[in-house]
Undergrad: 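This is the structure, below, for whatever I ask next.
Within every chain, numbering begins at 1; the chains are lettered A, B, ... in the order of the sequence lines, protein sequences first and strands thereafter.
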There are 2 protein chains.
Amino acid sequence: MHLELHRKQFPALANKAYFNFGGQGPLPQASLEAMQKAYEYIQLYGPFSSSVNVWLRSQLHQTRVAIASELGASVETITLTENVTVGCNIALWGIDWQAGDRILLSDCEHPGVIAAVEEIARRFKVEVDSCPIMATLNQGDPTAVIAQHLQPRTRLVVLSHLLWNTGQVLPLKEIVEVCHNYTASTQPVRVLVDAAQSVGSLPLNLTELGVDFYAFTGHKWWCGAAGLGGLYVRAEVLESTQPTFVGWRGILIEETGKPIGWKPDGRRFEVATSAYPLGIALRSAIAIHQQWGTSQVRYEQICQLSEYLWQRLSQLDLVRCLATSPPKAGLVSFVLTNGQSHEELVRSLEKQGFLLRTLHKPDCIRACVHYFTTPSEIDQLIEAISDSWETLKS
Amino acid sequence: MHLELHRKQFPALANKAYFNFGGQGPLPQASLEAMQKAYEYIQLYGPFSSSVNVWLRSQLHQTRVAIASELGASVETITLTENVTVGCNIALWGIDWQAGDRILLSDCEHPGVIAAVEEIARRFKVEVDSCPIMATLNQGDPTAVIAQHLQPRTRLVVLSHLLWNTGQVLPLKEIVEVCHNYTASTQPVRVLVDAAQSVGSLPLNLTELGVDFYAFTGHKWWCGAAGLGGLYVRAEVLESTQPTFVGWRGILIEETGKPIGWKPDGRRFEVATSAYPLGIALRSAIAIHQQWGTSQVRYEQICQLSEYLWQRLSQLDLVRCLATSPPKAGLVSFVLTNGQSHEELVRSLEKQGFLLRTLHKPDCIRACVHYFTTPSEIDQLIEAISDSWETLKS
């Protein structure tokens with residue numbers, strides 16, 4: 001009953017069974033209203049009055065504080081960005097690449113990140129190595145795979161903490177240790193993480209993880225509004241990371257307006273005017289999750305639900321889950337073993353109010369559960385998938 | 001009376017006399033409501049359903065179409081960005097700089113753009129030249145100044161169409177011709193325009209102007225929501241402009257998800273997830289302006305009102321307008337000749353409900369009028385400025 005009340009805060013959950021948290025989270029009504037109120041506040045006391053400008057700066061700061069607190073990081077390490085991809089680009093373009101340097105990329109990364117890495121390679125004559133992480137879903141050791149693929153000129157390893165396609169959680173702390181302890185390189189090996197799936201779903205302490213760059217978004221597992229994400233940059237690598245896209249939000253100016261340096265913290269990578277009310281929506285969404293439970297409690301609930309979904313899917317004759325053991329997060333990917341088109345099933349499910357998605361690599365269907373998913377939604381999904389075959393047969 | 005009704009569409013105008021359009025425009029109530037409805041629509045039919053994703057792509061397209069139409073450009077030349085500064089950065093980072101190349105920068109540019117140019121200079125060993133455009137406000141020929149400062153290695157000229165500090169409109173078509181016809185260079189001389197002040201206030205035909213890059217924002221003179229701007233890239237320079245920050249929105253992918261190239265048009269410079277409802281707010285705001293009159297009609301009204309403001313300010317004993325003839329756009333900058341602090345006057349005016357701003361270079365106060373500013377607001381402002389001296393004396 002408590003859960004039902006909690007779910008009522010998310011209008012999107014009212015009329016459908018939602019399994020696309022890895023694509024986008026449902027926005028709480030309170031977040032939308034807080035955003036609306038912020039727009040009204042700006043018009044009432046401004047826009048562009050000194051009082052509104054002071055208020056907006058304070059809102060930005062509070063948003064960085066809320067994010068930092070959830071990530072186990074200090075506020076100085078947080079940059080606000082438009083999305084996770086911009087965060088990845090800031091890290092990628094911030095390194096003083098030399099021709100012949102190498103980037104090690106996992107084989108499970110998002111096409112947008114792959115394309116960004118390829119453009120870096122082209123511009124700076126950097127080599128890109130790929131390593132077979134996908135194959136470690138059910139056996140093998142991803143840390144060993146990374147270790148085997150480091151080379152003396154490797155300067156950056158790019159991977160996801162929680163793989164968007166297979167749902168595997170990588171042992172990030174071990175991987176970071178292997179990279180930072182790699183002695184065959186004359187330069188430090190940095191680790192850039194695409195955290196699109198891990199932020200808001202895994203309990204995190206970035207300070208302990210030791211990761212160098214951790215790029216994330218507010219609009220997936222945190223259920224904030226689309227258009228606001230961020231980047232964590234480890235304090236020790238801040239100074240050696242060069243700002244690329246530059247604007248008034250990142251710089252210090254002297255009295256005559258002349259730029260004289262970067263802001264001392266993660267704000268140096270921020271550029272210019274943004275949709276500031278998005279930060280208010282995100283804070284409101286994070287507060288709603290915190291009212292339910294700590295990130296550890298929410299994570300355990302996600303794991304229980306994804307195990308249930310994984311079990312029920314595994315019991316279906318015509319389904320094979322990619323993972324042979326229960327997932328350690330909210331993404332459950334599976335294939336149809338009867339040759340039926342994944343696209344077709346997902347389209348048919350969407351018509352019935354079940355939102356899932358297909359993926360290309362590997363060719364599969366992905367269903368996500370959040371801490372507030374209900375077992376009954378999962379049961380209905382299983383039934384709808386079974387029914388689709390009945391329909392096909394008839 | 002018609003004007004009074006028109007003004008009622010902008011809640012921010014109800015409780016103050018607004019003269020900060022160069023900082024941010026007042027958001028129409030209809031735009032805010034359209035944005036709110038878009039958020040509700042996304043939650044109802046999605047988020048992240050195939051139907052919502054199709055709808056969002058169509059919304060983005062319609063936003064590019066509306067922008068292109070107002071700019072006298074084809075939709076293929078338009079990139080949506082978070083703000084004007086990102087647009088400038090896309091152009092700056094898109095050129096294949098060689099050590100020794102030169103950028104010519106006007107001396108009236110925004111600190112954020114100056115800092116971006118300086119970072120390009122540092123990264124690529126490019127030289128930056130500055131030219132004295134500010135001094136041409138009342139005499140001299142800005143085109144001649146540009147022409148005199150071109151050098152054989154100059155590859156880019158960076159300037160504003162409408163100067164944010166002095167309010168001068170530069171003869172952009174002539175300047176572009178001079179740059180494009182400069183024969184002492186082995187490489188073409190491109191022109192990048194910071195159009196923060198010109199878009200939404202000047203009638204524009206970018207195709208005729210011939211400019212290469214024109215970066216703008218929706219939240220100033222167009223009165224859209226903050227966080228959405230754009231970049232025009234002339235069709236002929238699209239292919240030679242390299243995308244820098246790269247993500248899924250800019251790339252083509254093959255069936256397996258592998259990136260295989262750029263989108264064929266301005267979308268190639270777009271990165272990833274944005275606050276899509278902002279585009280709906282912007283279109284709604286543009287439609288409201290169009291209901292009032294064409295961009296030519298609106299511009300003429302702006303000029304009439306700024307001439308009136310300029311005249312009334314010029315009649316004040318203790319005020320000197322920077323321009324010695326009526327401004328050709330909506331920005332009127334002035335100084336106090338009694339040594340009174342500009343900051344202090346602006347603060348005092350804000351308390352009385354008059355929103356203006358100070359600038360550092362030159363040290364002045366800026367008052368902006370839009371087509372819907374009323375002569376009575378101007379009269380009240382003049383009275384408030386006069387009264388401030390009475391208060392000081394007493």
Undergrad: Keeping the roles fixed (side chain from A:K16, backbone from B:Y45), state whether a donor-acceptor pair exists under 3.5 Å.
TA: no
Undergrad: What are the two closest non-hydrogen atoms of B:A275 and A:L278, and how far apart are they?
TA: CB-CD1, 3.8 Å
Undergrad: May I ask you to name which of A:P11, A:P243, A:A225 has the most heavy-atom pairs under 4.5 Å with chain B?
TA: A:P243
Undergrad: So for A:R347, is it side chain, backbone, both, or neither that comes closer than 4.5 Å to the heavy atoms of chain B?
TA: neither
Undergrad: Among B:I42, B:I90, B:D363, which residue forms the greatest number of heavy-atom pairs with chain A at distances under 4.5 Å?
TA: B:I90
Undergrad: I'd like to know if the side chain of A:T85 pairs up with that of B:R249 as donor and acceptor (distance under 3.5 Å, no hydrogens or angles considered).
TA: no
Undergrad: Check whether A:R123 reaches the backbone of B:Q242 with its side chain - one donor and one acceptor, N or O, closer than 3.5 Å.
TA: yes
Undergrad: Please check this pair: side chain of A:E350 against backbone of B:S50, looking for a donor-acceptor N/O pair closer than 3.5 Å.
TA: yes
Undergrad: For A:E118, is it the side chain, the backbone, both, or neither that has a heavy atom closer than 4.5 Å to a heavy atom of chain B?
TA: side chain
Undergrad: Give me the atom names and distance for the closest heavy-atom approach of A:P111 to B:I251.
TA: O-CD1, 3.7 Å
Undergrad: Please determine, by modelled atom types, if A:T244 and B:E119 share a side-chain donor-acceptor pair under 3.5 angstrom.
TA: no
Undergrad: Under 4.5 Å from any heavy atom of chain B, what part of A:L228 do you find: side chain, backbone, both or neither?
TA: neither
Undergrad: Just wondering, do A:T217 and B:T273 contact through their side chains at under 4.5 Å, heavy atoms?
TA: no
Undergrad: Does the A:H360 side chain pair with the main chain of B:E255, one donor and one acceptor, at a distance under 3.5 Å?
TA: yes
Undergrad: Going by the angle between their ring planes, with limits at 30° and 60°, are B:W93 and A:F245 parallel, tilted or perpendicular?
TA: tilted
Undergrad: Looking at every heavy atom in both A:P47 and B:Q24, which two are closest together, and how far apart are they?
TA: CB-CD, 3.7 Å
Undergrad: Judged by atom type as modelled, is there a donor-acceptor pair below 3.5 Å linking the side chain of B:Q43 to the main-chain atoms of A:L27?
TA: yes
Undergrad: Which atoms form the tightest heavy-atom contact between A:F48 and B:L355, and what is the distance?
TA: O-CD1, 4.3 Å
